[in-house]
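See below for the structure under consideration.
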Amino acid sequence: MSRSAPAPTELLEIAVDVAREAADTAYRMRAEGVSVAATKSTVTDVVTAADRAVERQVLDALAKLRPDDAVLGEEYGAGEGAGSGVRWIVDPIDGTVNYLYGIPYCAVSLAAEVDGEVVAGVVRNLYTGEEWTATAGGGAWRDGRRLRCSTETDLGQTLVATGFGYDSARRAHQARVVAGLIPHVRDIRRQGAASLDLCLAAEGRVDAYYEKGLAAWDLAAGGLVAAEAGLRVTGLGGRPAGPDLVIAAPPALFALLHDRLVALDASGGP
Ligand code: IPD
Ligand code: CA
């Protein structure tokens, strides 16, 4: 860890303050009406004015509080720091399509990395005010309660969350994977915000989660919350979780889900 980097708890305090204000702005902007400002990778991959305004607010707040830190955000990309060793990773609105439709499953996600390792993260549902936090080695928490993942051991009884990318060829492959998995699990949930899916897994409100194609801002904070709640959060074959695949599963379920996903070529396709 960088000599100059603050403790994870200190970074978390900053993250929580900034994320709460960001969530308030996003909520207020939704109440005032929302429209598509632009599309990104495909016509269904939308960005609203709120995505941009909220990320701008987060970047401005961090620049005041931690001027030497680097940043990576979904809407404005990377900003270099001045060598503090800290990098903030922000998704201003995870679940943008839910946001557009007024479905109360979207979140601000903010994480802090020190020397490339996520050490603090907060995910806040901007509709419900539910807020999940974690620090590396300090556990995962929601509303003062320490979180533990599901104790399920039977894949057939497992409620599995997942998500789909925006590219139609990728979605077609992901749909085939789901079709192959669904006969072997309790059921599938596609709720529309990866960070929240990971947080739900952290408290056993789903048993496990997987998805191909996640970006760093989808994964950083929620991945730490899930890992600190006891889930194994990795890619295939022991590789780190990343764009190829993220699997988050309780230890007793991990190999069962992993091997099924390998058989279904979940990290394959476009
Ligand atoms: C998306 C959501 C969705 C997941 C996609 C993400 P966005 O993020 O997390 O649940 O399936 O892979 O891109 O676009 O709403 O920030
Ligand atoms: Ca987003």
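Atoms within a ligand are numbered from 1 in the order they appear, just like the ligands themselves.
If you look at Phe164 next to ligand 1, the close heavy atoms, those under 4.0 Å, all belong to the backbone. Both the backbone and the side chain of Ala194 come within contact range of ligand 1, each with a heavy atom under 4.0 Å. Residue Asp94 touches ligand 1 through backbone and side chain together, judged by heavy-atom distances below 4.0 Å.
Using a cut-off of 3.0 Å, one finds that Asp91 contributes an N/O/S atom close to the Ca ion (ligand 2). Glu74 lies close to the Ca ion (ligand 2), since one of its N, O or S atoms is found at a distance under 3.0 Å. Among the backbone and side-chain atoms of Ile93, an N/O/S atom is found under 3.0 Å from the Ca ion (ligand 2).
Ligand 1 has Gly192 within reach: a non-hydrogen atom of the residue lies less than 4.0 Å from it. A heavy-atom separation below 4.0 Å is found between Tyr166 and ligand 1. A heavy-atom separation below 4.0 Å is found between Arg190 and ligand 1. Within the structure, the closest approach of Ile93 to ligand 1 falls below 4.0 Å when heavy atoms are considered.
Residues Asp167 and Arg170 are not paired through a salt bridge, judged by the lack of any N-O separation under 4.0 Å between the basic side chain and the carboxylate. For the pair Glu131 and Arg142, the salt-bridge criterion is not met [side-chain N within less than 4.0 Å of a carboxylate O]. Using a 4.0 Å cut-off between a side-chain N of Lys or Arg and a carboxylate O of Asp or Glu, Arg205 and Glu130 qualify as a salt bridge.
An N or O contact shorter than 3.5 Å is missing between Gly213 and ligand 1 by distance. Annotation: Asp197 places no N or O atom under 3.5 Å from an N or O atom of ligand 1; distance criterion only. Backbone and side-chain nitrogen or oxygen atoms of Ala193 are examined, and one is located within less than 3.5 angstrom of a nitrogen or oxygen of ligand 1.
At a threshold of 4.5 Å between side-chain heavy atoms, the hydrophobic network of Ile, Leu, Val, Met, Phe, Trp and Tyr places Val177 and Leu155 in one connected group. Val225 and Leu200 fall within the same hydrophobic cluster, defined by Ile, Leu, Val, Met, Phe, Trp and Tyr side-chain heavy atoms under 4.5 Å apart, directly or through other members.
With hydrogens and angles ignored, the 3.5 Å screen pairs no side-chain donor or acceptor of Glu113 with any backbone N or O of Ile89. Although no hydrogens or angles enter the test, the distance criterion places no donor-acceptor pair under 3.5 Å between the side chain of Tyr127 and the main chain of Cys106.
Residue contact check: Gly163 has heavy atoms under 4.0 Å from atoms 11 (O) of ligand 1. Atoms of ligand 1 lying under 4.0 Å from any heavy atom of Gly95, numbered from 1 in the order shown and given with element: 7 (P), 15 (O), 16 (O).
Judged by distance alone, the side chains of Ser84 and Asp68 never bring a donor and an acceptor atom under 3.5 Å apart. For the residue pair Asp94/Tyr105, the side-chain donor-acceptor check at 3.5 Å is not satisfied. Side-chain contact annotation: Ser109 with Asp218, donor-acceptor N/O pair under 3.5 Å absent.
Between Lys212, Arg170, Glu211, it is Glu211 that holds the heavy atom closest to atom 4 (C) of ligand 1.
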